[in-house]
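Quick notes on the structure that follows.
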There are 2 protein chains.
Amino acid sequence: MTKIPEIADVAAALQLSIGLCIRRIRQPLAEGELSLPEASVLKRLEFGGPTTVTELAKADQITVQSMGTTLSALESRGLVERHPHPSDGRRSVLSITKTGLRALENKHNSRSQQVANALSEGFSPSELQQLMVAAPLIERLAQSL
Amino acid sequence: MTKIPEIADVAAALQLSIGLCIRRIRQPLAEGELSLPEASVLKRLEFGGPTTVTELAKADQITVQSMGTTLSALESRGLVERHPHPSDGRRSVLSITKTGLRALENKHNSRSQQVANALSEGFSPSELQQLMVAAPLIERLAQSL
DNA sequence: TATTGTTATACTCTATAACTATA
DNA sequence: TATAGTTATAGAGTATAACAATA
């Protein structure tokens, strides 16, 4: 019989694990690597097509200004391009460049890929299953903070 | 039959959920609240008793210098105290103060408590169980990054 | 020499505030 | 007025480098 866990125990366990994740993932990247927010933006542009700063900010639940910072960094490295919106002069339309697509393909240049590599090397299928189940729960937790 | 999840799917799901957690938890705290690293230090001092900067840094897997920053902030708010080590003049011994203990007790003044509150309000026992199973896996993932 | 700790500096990712330009 | 975006500034949490004091 599986015992119902105490809230405090779950909270403590998650804080420990997620806290460590935060610290690890946040560590400085080597030259040219993609940070988590950068990879997130590039993936959205790859799969969702060209869009605006405001839409990208909404998708990642950060402010427009913060998204602007990330986009400027990506633009200066030639990974995204800014074009004027055809009908609305206020907007800019962002799209991923060929260089950006190549950056995403590289298996070692992003935290995303490092996560994937770590998973494939150190976890069993049933553990992957358990992580898959937990992911949406963690997202819901984040949403409610 | 539960399907074995694709590595890429697990990686993407975890990035989304943990990434959002990172952004949420990192948001500025209200005056006097405890940040995640601050609460972590206070809890260690509460349960593990007085110890040194180096030990605390090891426990949270950050550099001594970074831990020093956190401790200085806590000290200036009167939540921890620094005392000379009895036999080794190089070391300082940190301990939690009564004010620090009171800060930990307050149910609303830390990210930790916010996590606990969110869990108790929005998750079923079986979901808590699933999170409990995932926590050590996430920690192992973080360790291997 | 090795260990403990501090100070100085910088980086990433985020925020708020104030602004310009367009609708 | 409202919306889209930029620029300026600040803050949290980390890092590395260089140093002083003690073992």
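First the proteins, then the strands, lettered A, B, ... as listed; each starts at 1.
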For B:Thr70 and for A:Val53, locate the closest nucleotide of DNA chain D by heavy-atom distance; then report the residue assigned to the nucleotide nearer the 5' terminus.
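Nearer the 5' end of the strand: A:Val53.
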Rounded to whole Å, how long is the line connecting atom [atom1] of [X] with atom [atom2] of [N]?
X       : N      : atom1 : atom2 : result
B:Glu55 : C:dT3  : CD    : P     : 13 Å
B:Leu94 : C:dT6  : CG    : C1'   : 13 Å
A:Leu34 : C:dT12 : CG    : C1'   : 14 Å
B:Leu71 : D:dT14 : CG    : P     : 12 Å
B:Arg91 : D:dA20 : CZ    : C1'   : 17 Å

Only counting residues at least two apart or in another chain, list the ones meeting side-chain hydrogen bond (donor to acceptor under 3.5 Å, both in side chains) with B:Ser126.
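For B:Ser126 the side-chain hydrogen bond (donor to acceptor under 3.5 Å, both in side chains) partners, ignoring immediate neighbours, are B:Ser124.
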Test side-chain hydrogen bond (donor to acceptor under 3.5 Å, both in side chains) applied to B:Thr63 - qualifying residues, sequence neighbours left out:
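B:Thr63 satisfies side-chain hydrogen bond (donor to acceptor under 3.5 Å, both in side chains) with B:Ser66 once adjacent residues are dropped.
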Indicate yes or no: at least one non-hydrogen side-chain atom of B:Leu71 is less than 4.5 angstrom from one of B:Arg82.
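Result yes, sub-4.5 Å side-chain heavy-atom pair found.
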Student check: side-chain heavy atoms of B:Leu34 and B:Leu104 closer than 4.5 Å
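Yes; the side chains approach each other to less than 4.5 Å.
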Going by salt bridge (Lys or Arg N to Asp or Glu O under 4.0 Å), name the pairs with one or both residues in residues 42-53 of chain B, residues two or more places apart or in two chains.
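For residues 42-53 of chain B, and leaving out neighbouring residues, the salt bridge (Lys or Arg N to Asp or Glu O under 4.0 Å) pairs sorted by first residue read B:Arg44-B:Asp60.
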Protein-to-nucleotide contact annotation, 5' to 3' order, nucleotides 15-23 of chain C [B base; S sugar-phosphate only; - none; under 4.0 Å, heavy atom]
BBB----BS
Does OP1 or OP2 of C:dT3 have a side-chain N or O of B:Thr54 closer than 4.0 Å?
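No, B:Thr54 has no side-chain N/O under 4.0 Å of OP1/OP2 on C:dT3.
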Under 4.0 Å between any heavy atoms, over every strand shown, what does B:Ser72 touch: base, sugar-phosphate, or nothing? Just pick one.
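Contact class for B:Ser72: none.
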Between A:Leu36 and B:Ser92, just flag the one whose closest nucleotide in DNA chain C comes earlier from the 5' side.
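Between the two, 5'-proximity favours B:Ser92.
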For the pair B:Glu38 and B:Arg77, find out whether any cationic side-chain nitrogen is under 4.0 Å from an anionic carboxylate oxygen.
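Yes, this pair counts.
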May I ask you to decide whether A:Lys58 forms a salt bridge with A:Glu55, counting only side-chain N to carboxylate O separations under 4.0 Å?
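Yes, charged N to carboxylate O under 4.0 Å.
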Sequence neighbours excluded - side chain to side chain donor-acceptor pair (under 3.5 Å) pairs with any residue from residues 135-145 of chain A:
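Sorted pair list: A:Gln61-A:Gln143, A:Arg140-B:Glu127.
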How long is the gap from CD on B:Gln130 to CE on A:Met132, to the nearest 0.5 Å?
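B:Gln130 atom CD to A:Met132 atom CE measures 13.5 Å (nearest 0.5 Å).
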Between residues 12-26 of chain B and DNA chain C, which residues have a heavy-atom gap below 4.0 Å?
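Heavy-atom cutoff 4.0 Å gives B:Arg23, B:Arg26.
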A:Arg82, nearest nucleotide to its side chain (from C:dC13, C:dT4, D:dG5):
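Of the options given, the side chain of A:Arg82 lies nearest D:dG5.
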